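All values below come from the heavy atoms of this structure, side chains included, with hydrogens, waters and symmetry mates left out. These numbers come from a predicted model, not from an experiment.
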Amino acid sequence: DVQLQASGGGLVQAGGSLRLSCTVSGLTFATNTVAWFRQAPGKEREGVLCASNRDGSTFYADSVKGRFTTSSDNAKNTVYLQMNSLKSEDTAVYYCAVDNVVCPNPYPPYIADSLYDYWGQGTLVTVSS
């Protein structure tokens, strides 16, 4: 049974930083791809970052380039989303997802949520201005 546990959300001031964690169980983390999505109130879900352990590729949405990065601890089956220089428009529920896919390289120029079967429960990030 595949399970993803996302954590680390909270309230932060604009310009601040936050690190989200996503711990994966039930599948071989080291050979899959993890993506982060977010959904703001009234908006569609947006893929913000993809990191593939399959081929080493990464993909960042333009909205987070230069501010968000990812890292992982394969021994802990955990991937991290480091968010710096946060803006009010980053306020959203953040989800991690994992599946045996690859990141956009560079097309399509977005992360398709339909490719991912396994999702975490979401963690709320609120950025105050």
Side-chain angles (χ1 to χ4, degrees):
D1 190 24
V2 178
Q3 293 188 339
L4 284 71
Q5 182 69 41
S7 61
L11 175 64
V12 62
Q13 287 189 333
S17 298
L18 208 58
R19 190 178 79 161
L20 306 183
S21 300
C22 178
T23 300
V24 182
S25 62
L27 55 74
T28 307
F29 173 79
T31 59
N32 281 274
T33 293
V34 177
W36 289 91
F37 295 82
R38 67 184 181 187
Q39 188 164 22
K43 293 189 176 182
E44 293 187 354
R45 187 159 56 190
E46 172 193 20
V48 297
L49 190 153
C50 176
S52 177
N53 284 321
R54 283 190 58 186
D55 63 359
S57 60
T58 57
F59 179 90
Y60 296 81
D62 287 344
S63 56
V64 305
K65 276 181 183 176
R67 301 187 300 121
F68 289 14
T69 59
T70 186
S71 62
S72 64
D73 184 337
N74 287 354
K76 295 182 178 180
N77 262 20
T78 298
V79 63
Y80 304 99
L81 178 66
Q82 179 67 42
M83 305 184 294
N84 300 326
S85 303
L86 283 162
K87 307 174 182 179
S88 57
E89 51 262 45
D90 294 318
T91 295
V93 177
Y94 284 73
Y95 301 87
C96 57
V98 65
D99 217 316
N100 188 21
V101 296
V102 295
C103 300
N105 190 27
Y107 297 101
Y110 59 87
I111 305 169
D113 57 2
S114 59
L115 296 179
Y116 293 84
D117 287 335
Y118 307 109
W119 292 79
Q121 82 284 9
T123 184
L124 176 62
V125 172
T126 304
V127 183
S128 63
S129 55

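- Residues T91 and T126 have side chains that never bring a donor and an acceptor to within less than 3.5 angstrom of each other.
- Note that CD of Q13 and CG of L18 are 12.5 Å apart. Values are rounded to the nearest 0.5 Å.
- We find that K87 and D90 are not joined by a salt bridge, their nearest charged nitrogen and carboxylate oxygen being 4.0 Å or further apart.
- The two atoms that bring K43 and Q39 nearest to each other are O-NE2, 3.1 Å, heavy atoms only.
- For the residue pair Y116 and A112, the shortest heavy atom distance occurs at CD1-O, 3.4 Å.
- The side-chain heavy atoms of V93 and L124, taken from C-beta on, include a pair separated by under 4.5 Å.
- S52 and T33 make their closest contact through OG-OG1, 2.8 Å (heavy atoms, listed as atom of the first residue, atom of the second, distance).
- Residues Y94 and V24 fall within the same hydrophobic cluster, defined by Ile, Leu, Val, Met, Phe, Trp and Tyr side chains chained together at heavy-atom separations under 4.5 Å.
- Within the 4.5 Å cutoff, the side chain of F68 has heavy atoms near those of the L86 side chain.
- The two residues G47 and A61 come nearest to each other via the heavy atoms O-CB, 3.5 Å.
- For the atom pair NZ of K65 and OH of Y60, the computed distance is 10.5 Å after rounding to the nearest 0.5 Å.
- The cluster map of Ile, Leu, Val, Met, Phe, Trp and Tyr, joined by side-chain heavy atoms under 4.5 Å apart, puts M83 and Y80 in different clusters.
- Side chains of L11 and S128 form a contact here, defined as non-hydrogen atoms less than 4.5 Å apart.
- Within the model, atoms CD1 of I111 and CH2 of W36 stand 12.0 Å from one another, a figure rounded to the nearest 0.5 Å.
- Exactly one of L81, V125, V64, L49 qualifies for a side-chain contact (heavy atoms from CB on, under 4.5 Å) with R38. That residue is V64.
- The shortest heavy-atom contact between R54 and T31 is CG-O, 2.9 Å.
- Two residues are said to be in side-chain contact when any heavy atoms from C-beta on lie closer than 4.5 Å; N53 and N74 meet this criterion.
- Interatomic distance, C22 SG to W119 CH2, rounded to the nearest 0.5 Å: 11.0 Å.
- Cluster membership check: V34 shares its hydrophobic cluster with Y118, using side-chain heavy-atom separations under 4.5 Å among Ile, Leu, Val, Met, Phe, Trp and Tyr.
- S17 and N84 share a donor-acceptor pair across their side chains, judged by distance under 3.5 Å alone.
- Distance alone, capped at 3.5 Å, is enough to place a donor-acceptor pair between the D99 side chain and the D117 backbone.
- Rounding to the nearest 0.5 Å places CG of L115 at 11.0 Å from CG of N100.
- The cluster map of Ile, Leu, Val, Met, Phe, Trp and Tyr, joined by side-chain heavy atoms under 4.5 Å apart, puts Y95 and F59 in the same cluster.
- Atom CD in E44 sits 9.0 Å away from atom CG in D113 (nearest 0.5 Å).
- Closest approach of Q121 to L4, counting heavy atoms only: OE1-O, 3.7 Å.
- The shortest distance between side-chain heavy atoms of T70 and V79 falls below 4.5 Å.
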